[in-house]
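Residues: numbered from 1 along the sequence shown. Atoms within a ligand are numbered from 1 in the order they appear, just like the ligands themselves.
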Amino acid sequence: MALLEVLHFPDDRLRNVAKPVETIDEKIRELAANMLETMYAENGIGLAATQVNIAKRIVVIDLSEAKDEAMVLINPEILELHGIESMKEGCLSVPDYFDIVERAESIKYRYQNLDGDIIESETDGLLAVCIQHEIDHLNGKLFIDYLSPLKRQRLKKKIEKLEKQQTVL
Ligand code: K1U
Ligand code: ZN
């Protein structure tokens with residue numbers, strides 16, 4: 001297995017729209033395993049392939065404390081959205097920044113698992129928020145796009161300053 005590099009905002013590659021996975025083969029299974037390893041190493045609860053510069057519709061999620069309930073969602077789609085909820089979100093591509101985002105409270109969703117089976121399910125709470133956040137990544141959208149332009153501009157400047165300092169060190 002291998003750790004993958006996670007892209008950081010404002011990297012333009014985070015704006016790529018991912019393409020559907022046509023065949024779920026050994027390469028896709030290896031990519032999913034590497035994405036899970038990367039997500040655990042970065043202390044995340046989710047990761048989309050776009051964040052590791054792979055333009056394929058693949059998402060991994062694990063909300064468990066023990067990190068033993070991995071979900072791999074291939075070609076995930078939202079079928080229904082219900083209600084509105086505000087939750088504090090973070091993003092591995094926007095380090096050290098958390099803010100409140102309004103999203104659907106519960107969703108009906110569909111995806112393929114690593115065996116190629118089509119799964120349909122319903123969920124709410126953090127899993128519903130996380131699936132919406134990760135599908136946004138596959139469409140080139142970031143949670144900070146929901147913030148005001150002023151907040152986003154301030155954040156961009158702060159991150160660029162931090163990354164400049166890190167390259168000097
Ligand atoms: O997609 C990502 O960048 C992963 C992201 C997922 C996410 C977290 C919170 C709400 C929606 C989506 C993270 O894992 S951020 C990492 C984090 O520090 C965190 C961990 C547990 C709960 C909340 C945030
Ligand atoms: Zn994210």
Would a distance-only check, ignoring hydrogens and angles, find a side-chain to backbone donor-acceptor pair under 3.5 Å from Asn75 to Tyr111?
no
Return the number of protein N, O or S atoms with a distance to the Zn ion (ligand 2) smaller than 2.8 Å.
3
Starting at CG of Asp68, measure out to CG of Asp62 and round the result to the nearest 0.5 Å.
6.5 Å
Nearest-neighbour protein heavy atom for atom 1 (O) of ligand 1, which is reported as residue plus atom name and distance:
Glu134 OE2, 2.6 Å
Is His133 touching ligand 1 with its side chain, its backbone, both, or neither, if touching means heavy atoms under 4.0 Å apart?
side chain
Using the side-chain contact (heavy atoms from CB on, under 4.5 Å) criterion, which residues pair with Glu120? Sequence neighbours excluded.
Leu79, Lys108, Arg110
Number the atoms of ligand 1 from 1 as they appear, then name those within less than 4.0 Å of a heavy atom of Gly44, with their elements.
14 (O)
If you have a sec, work out which protein heavy atom is nearest atom 5 (C) of ligand 1 and how many Å separate them, to one decimal?
Gly90 O, 3.7 Å
Output the list of atoms in ligand 1 that are nearer than 4.0 Å to some heavy atom of Cys91, sorted by atom number.
3 (O), 15 (S)
With heavy atoms under 4.0 Å as the rule, classify the contact between His137 and ligand 1 as side chain, backbone, both or neither.
side chain
Do Leu3 and Glu42 have side chains that approach each other closer than 4.5 Å (heavy atoms only, starting at C-beta)?
no
Specify the closest pair of heavy atoms between Arg57 and Ala18, including all atoms of both residues, with the distance to one decimal.
NH1-O, 2.9 Å
Is any side-chain heavy atom of Leu7 closer than 4.5 Å to a side-chain heavy atom of Val52?
no
Hey, does the side chain of Glu105 reach the backbone of Gly125 with a donor-acceptor pair shorter than 3.5 angstrom?
no
Give me the nearest non-hydrogen protein atom to atom 8 (C) of ligand 1 as residue plus atom name, then the distance to 0.1 Å.
Ile45 CD1, 3.5 Å
Heavy atom of the protein closest to atom 3 (O) of ligand 1 (residue, atom name, distance)
Leu92 N, 2.7 Å
Ignoring hydrogens and angles, tell me if any N or O in the side chain of Thr38 forms a donor-acceptor pair with the backbone of Leu4 under 3.5 Å.
yes
Within 4.0 Å of atom 19 (C) of ligand 1 (strictly less), any protein heavy atom?
no
Say whether Phe98, considering both its backbone and side-chain N or O atoms, lies within less than 3.5 Å of an N or O atom on ligand 1.
no
Could you grab the distance from atom CD1 of Ile159 to atom CG of Asp11, nearest 0.5 Å is fine?
11.5 Å
Take every heavy atom of Gln51, measure it against each atom of ligand 1, and state whether any distance is under 4.0 Å.
yes
Short side-chain to backbone donor-acceptor contact, Gln153 and Leu150, under 3.5 Å:
no
Note the single closest protein heavy atom to atom 4 (C) of ligand 1, along with its residue, its atom name and the distance in Å.
Gly46 O, 3.0 Å
Regarding Asp99 and Tyr97, is there a side-chain donor-to-acceptor distance under 3.5 Å anywhere?
yes
With Arg15 as partner, the option from Asp145, Asn139, Thr50 fulfilling side chain to side chain donor-acceptor pair (under 3.5 Å) is Asp145
